[in-house]
Amino acid sequence: MPVNQMLRPPLLLENFENAHTDGRGSGKHWGWKGEKAYASVEVISKQEHPQFVRKGNHALQFNYDFRFETTEGGSRRAYFVTYAGENAHPTPDLSIKDDPNVLIIPEGEYPSHLAMWVYGDGNNAWFNGMIVDSEGTTAELPYGSAYWTGWKFIKMKIPAGMKLPFYVVYPARLLTGDKTLHGSLYIDEIMAVYGGIDFDALPPTISQMECREVDGRPGLPELCALIVDEDDEENGGVTSGVDCARTEVRIDGQLHTKNIEQKQTDKGVALCVTPDFPLCGGEHKLEIIAYDKEGNQTYASTFFQVTSRTPAVGWTVAKEAEMGGTLSCRLYAEGAKPNTKVALSLGYDSGNLTPAEPFFDLAPAVTGSVTDHGGLVEIQLTTENDGNVPLLSLDFTVGSSYVAPENTVITCEKAHMEYDGASEAFCLADAEVAILPGLSLLVEKLCQGFDTVFTVTDAAGKPVSGAEVYQAGRPAYPGQTDENGKLVVSGVTDAEIDSKVDLYARKNCQYSLTTRYSISRDMGSKEPVNVHISCGADSTEMAVTWQTGVGITEGYVRYALKEEGKTALTADDLTVKAERKNNFCTYQKQSCELNGYSACLTGLQPGAEYLYQVGTEGAWSKVHTFTAFSQTGEFAFGVLADTHNRCGAAMNAALHFAPDLSFFAHAGDFVGSGIVYDDWKAYIEDAGYLHAKYPTVPVAGNHDVSDGTGINYCMIHNNPANGTKNALKGINFYTELNNTLFISIGGGDDNEKNVMDWAREVVQNSKMKWKIVLIHKGPYTCNLSSESDELRWGEFMDGLGIDLLICGHDHNFQRATIRNHKTLDVDKWISSSDGVTYLQCATSSGPSRHNWTRHRPIWNAVYESPAPSASVIRVSDEKMQITSLHTEDNADGYKIFDAFTIVK
Ligand SMILES: [Fe+2]
Ligand SMILES: [Fe+2]
């Protein structure tokens with residue numbers, strides 16, 4: 001039985017039964033608000049839209065469209081709200097008390113959540129609400145992404161410590177940077193929840209869908225699935241049980257009702273269906289809708305194959321297609337009999353595919369017709385052949401204008417075959433196709449004073465000659481690429497700085513992605529700037545980065561062991577050529593282009609001191625030193641977080657306390673805005689040359705990747721390429737230094753399961769004594785992203801097998817040792833076998849300025865630091881001693897405010 005923490009049953013705030021949107025009617029008046037987006041609301045009835053009303057006879061339809069606003073930058077927001085004027089939500093201050101429409105959570109028990117039923121459209125926009133309390137304090141109520149389709153009961157956590165009654169400023173708004181999203185959500189039963197609920201909000205699950213063919217019963221397989229209605233652990237709700245009487249089974253779109261068996265087993269309800277009539281050979285679609293007794297519904301579908309009968313019709317469709325290329329679909333029959341007739345409707349996305357010229361080709365001895373209706377193809381065929389024979393090939397032309405790779409799917413909407421006087425239905429399995437660019441375009445020197453260099457390569461990275469650079473359907477510049485794939489054009493950059501061009505490469509039917517570039521200024525410097533070192537994959541590596549203006553196109557690292565009397569480097573010393581990548585960012589409020597260099601020094605002697613300098617002939621940096629990571633013995637490292645462009649004071653305080661520090665771990669939010677190069681320059685310059693001397697073990701924070709790409713973060717930190725496959729290189733990585741594994745989880749992958757699987761594998765395979773995760777937003781941060789994030793990530797970290805998690809984001813110092821979402825009662829000595837210790841660092845750039853209204857009472861120690869703060873972690877095989885301090889105007893230059901020790 002789930003533990004129900006319900007203080008009192010949920011309080012219904014609105015069920016839309018008497019609601020209206022036009023000032024007429026007895027209930028509440030509802031409205032909308034759109035920022036850089038279009039929004040509207042409508043009260044709908046069950047009569048017209050039965051599936052979109054969850055309870056009673058009415059619900060609210062909320063339409064949003066983020067497509068038509070052309071202003072750049074900033075988020076698009078759409079709200080559904082109690083009416084407070086045209087395009088407005090109630091004012092989030094005390095005047096809200098006089099609003100006749102506002103939803104009120106009254107005095108009495110303290111509510112844990114604002115909750116509602118939402119019919120989602122799977123569009124993944126960010127979803128959150130807002131309340132104001134009786135003293136005028138506001139709180140955002142985060143939920144997370146509206147990723148689901150169909151009805152879902154969603155809860156938004158209300159922070160502790162506010163003063164009842166609460167007024168709802170808006171129950172929810174959608175927030176996105178995605179300019180293509182549009183859709184509708186349906187809202188029903190908005191309520192206040194007090195710790196738990198007294199109804200079943202969790203739909204059943206359908207799993208283990210399979211087809212078992214039965215000997216001697218051709219075309220009549222057993223179709224089985226398991227339907228389970230679980231207790232709702234999260235909300236304390238008890239299962240209402242599977243409502244077997246409402247289970248629906250469709251095969252190829254047709255309801256089958258005669259032979260449905262549902263048996264209660266200890267695992268759930270075992271569903272077994274034999275079709276009402278024999279199915280023909282080939283593929284079929286099975287769809288199941290299951291309900292629980294509370295009315296929660298689940299849909300699941302799969303395709304299965306009947307091999308016990310012929311004829312059977314099948315198709316082959318390539319899994320990948322090139323932009324601008326051709327996608328071929330080939331239909332065939334197995335075991336055909338003469339005069340077999342096949343009728344098919346295929347649905348396709350006409351935004352991605354158009355019928356090629358010619359569109360189709362009938363196989364020998366096949367007659368019939370193929371008619372395109374734009375998005376739907378109707379096919380009628382008769383084959384005179386028997387046996388295994390081709391029927392038809394269809395060719396689509398793939399779209400050519402894409403800003404990112406895309407997927408498309410061709411679906412079988414309806415399919416029949418006729419032979420021996422009988423007509424039988426089937427359904428070909430969906431054909432999913434990845435649309436990929438055949439060319440790639442690199443643009444360099446798109447800045448004033450330079451001839452622009454375009455480089456075109458193919459999918460394998462080989463240079464492509466004879467390609468042109470296009471904009472909006474026609475060649476943008478004269479000329480074609482040479483045998484090195486290069487085209488140099490002068491005058492491109494005569495346009496004003498910051499003017500935009502949308503460019504792609506084309507050669508015949510091959511296209512690259514279309515990318516928006518800005519005419520830029522050159523960063524200018526010939527000398528290397530921002531010399532910075534960070535960790536490689538282990539103690540024997542060191543990653544070096546720096547930048548120059550675009551006039552310099554080569555870079556090297558010279559290095560040597562620091563020996564008695566050696567202070568300079570020459571061409572005779574070890575030299576490594578750096579990889580150069582040109583980079584567009586903003587600098588001094590304008591679009592700027594610069595060259596970023598990175599090199600990884602390998603095979604270093606652990607613990608040895610090196611001299612190094614970076615640059616090229618005539619433009620070398622000064623000589624810096626670093627000490628390679630040690631491989632054995634005790635060591636100490638500093639921890640920084642949320643430096644937001646300023647780190648020098650905190651680094652120096654840590655170095656005063658522990659002059660033997662070997663590196664700094666950084667929990668993210670290095671800068672104010674990731675795309676702004678000035679911010680990175682300020683961050684590095686604020687430390688003097690400490691970033692050239694002390695390597696960083698970094699993790700990206702939300703501010704560092706606020707442009708969506710983390711391009712500057714990746715330019716400064718040349719992290720090892722041992723992270724997840726789908727994320728940008730270096731956003732996730734791990735390194736093994738001395739006796740400690742560091743796993744840096746920067747995210748960057750839409751599928752967080754990939755990140756979790758990767759991290760789990762890394763921990764399992766590491767033989768390091770200590771295991772530390774760096775993640776900017778820890779699962780228990782006070783600035784909670786969403787409660788479901790906390791549950792998932794908290795549980796994940798619990799089971800990961802790590803000793804310490806270092807995070808930032810809150811800007812306040814907090815630490816706790818947690819197991820199963822519960823804070824353990826720990827003192828200054830903590831055994832890592834008891835639970836994971838979370839070190840939530842304070843800000844390293846200034847005072848904490850903690851938001852106490854959002855503070856969560858889960859921490860063992862809390863400190864609001866008045867000054868820039870850092871921690872120092874001293875590691876041996878036996879223990880990790882963690883000391884936290886802030887800068888102080890005293891003889892030491894620091895003041896310690898927390899210290900504890902983790903032992904195995
Ligand atoms: Fe921050
Ligand atoms: Fe942050």
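- When atom types are taken as modelled, the side chain of Asn732 and the backbone of Gly747 share a donor-acceptor pair closer than 3.5 angstrom.
- Counting only distance, with no hydrogens or angles, the side chain of Asn738 and the backbone of Thr740 share no donor-acceptor pair below 3.5 Å.
- Checking side-chain atoms of Asn484 against main-chain N and O of Lys486 turns up no donor-acceptor pair under 3.5 Å.
- Here the side chains of Asn595 and Thr553 are in contact, with some heavy-atom distance below 4.5 Å.
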Under 3.5 Å, sequence neighbours excluded: what are the donor-acceptor pairs made by side chains of residues 685-700?
from: Glu685; atom 1: OE2; to: Lys681; atom 2: NZ; distance (Å): 3.4
from: Asp686; atom 1: OD2; to: Cys647; atom 2: N; distance (Å): 2.8
from: Asp686; atom 1: OD2; to: Gly648; atom 2: N; distance (Å): 2.8

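- For Asp522 (side chain) and Gly549 (main-chain N/O), no donor-acceptor pair under 3.5 Å exists by modelled atom type.
- A donor-acceptor pair under 3.5 Å is absent between the side-chain atoms of Tyr559 and the main chain of Leu569, judged by distance alone.
- Side chain of Ser869 to backbone of Ser844: no donor-acceptor contact under 3.5 angstrom is found.
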Notebook entry, point to check: Checking side chain to side chain donor-acceptor pair (under 3.5 Å) for the pair Asp502/Gln471: CA distance, chi angles, key distance, verdict?
Noted result: CA-CA 6 Å; Asp502 294 297; Gln471 171 156 241; over 6 Å; no

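- Of all heavy-atom pairs between Thr545 and Ser598, the closest is CG2-CB, 3.9 Å.
- A salt bridge does not link Asp498 to Lys589: none of the charged side-chain nitrogens sits closer than 4.0 Å to a carboxylate oxygen.
- Cys447 and Val550 make their closest contact through SG-CG2, 3.5 Å (heavy atoms, listed as atom of the first residue, atom of the second, distance).
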Note to self: Would His703 and His776 count as a ring pair (Phe, Tyr, Trp, His ring centres under 6.0 Å) here? Give the steps.
What the structure shows: CA-CA 10 Å; His703 283 259; His776 179 62; 7.7 Å; no

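- Few gaps surround NZ on Lys577; more than 12 heavy atoms of other groups in view lie less than 6.0 Å from it.
- A side-chain donor-acceptor contact under 3.5 Å links Asn712 to the backbone of Gly674.
- At a threshold of 4.0 Å, the pair Glu444-Arg580 counts as salt-bridged, since one of the basic side-chain nitrogens sits closer than that to a carboxylate oxygen.
- Nearest approach of Val443 to Asn582, heavy atoms of both residues: O-ND2, 3.1 Å.
- Smallest separation of non-hydrogen atoms from Ser845 and Asp642: OG-O, 3.3 Å.
- Annotation for Trp620 and Glu527: closest pair O-OE1, 3.5 Å, computed over non-hydrogen atoms.
- For the atom pair CG of Leu487 and CD of Gln480, the computed distance is 9.0 Å after rounding to the nearest 0.5 Å.
- Annotation: Tyr612 is in aromatic contact with His624 [ring centroid separation under 6.0 Å].
- Using a distance-only test at 3.5 Å, with no hydrogens or angles considered, a donor-acceptor pair links the side chain of Ser520 to the main chain of Ser518.
- Within the 3.5 Å criterion, the main-chain N or O of Gly536 finds a donor-acceptor partner in the side chain of Thr735.
- Residue Ile519 comes nearest to Ala495 through the heavy atom pair CG2-O, 3.7 Å, listed as atom of the first residue, atom of the second, then distance.
- Phe629 pairs in a ring pair (Phe, Tyr, Trp, His ring centres under 6.0 Å) with only one of the listed residues (Phe742, Phe637, Phe663), which is Phe663.
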Next item on the list: Apply the test salt bridge (charged side-chain N to carboxylate O under 4.0 Å, His left out) to residues Arg646 and Asp679: give CA-CA distance (whole Å), side-chain angles for both, the deciding distance (0.1 Å), then the verdict.
Entry: CA-CA 9 Å; Arg646 288 207 313 277; Asp679 286 7; over 6 Å; no

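- When atom types are taken as modelled, the side chain of Asn645 and the backbone of Gly672 share a donor-acceptor pair closer than 3.5 angstrom.
- In this structure, the side chains of Asn726 and Asn754 come closer than 4.5 Å at one or more pairs of heavy atoms.
- Using cut-offs of 30° and 60° on the angle between ring planes, the pair Phe670 and His717 is tilted.
- Contact check on Arg849 versus Asp810 returns no salt bridge, with no Lys/Arg side-chain nitrogen under 4.0 Å from an Asp/Glu carboxylate oxygen.
- Under the ring pair (Phe, Tyr, Trp, His ring centres under 6.0 Å) criterion, Tyr517 pairs with Phe584, not counting sequence neighbours.
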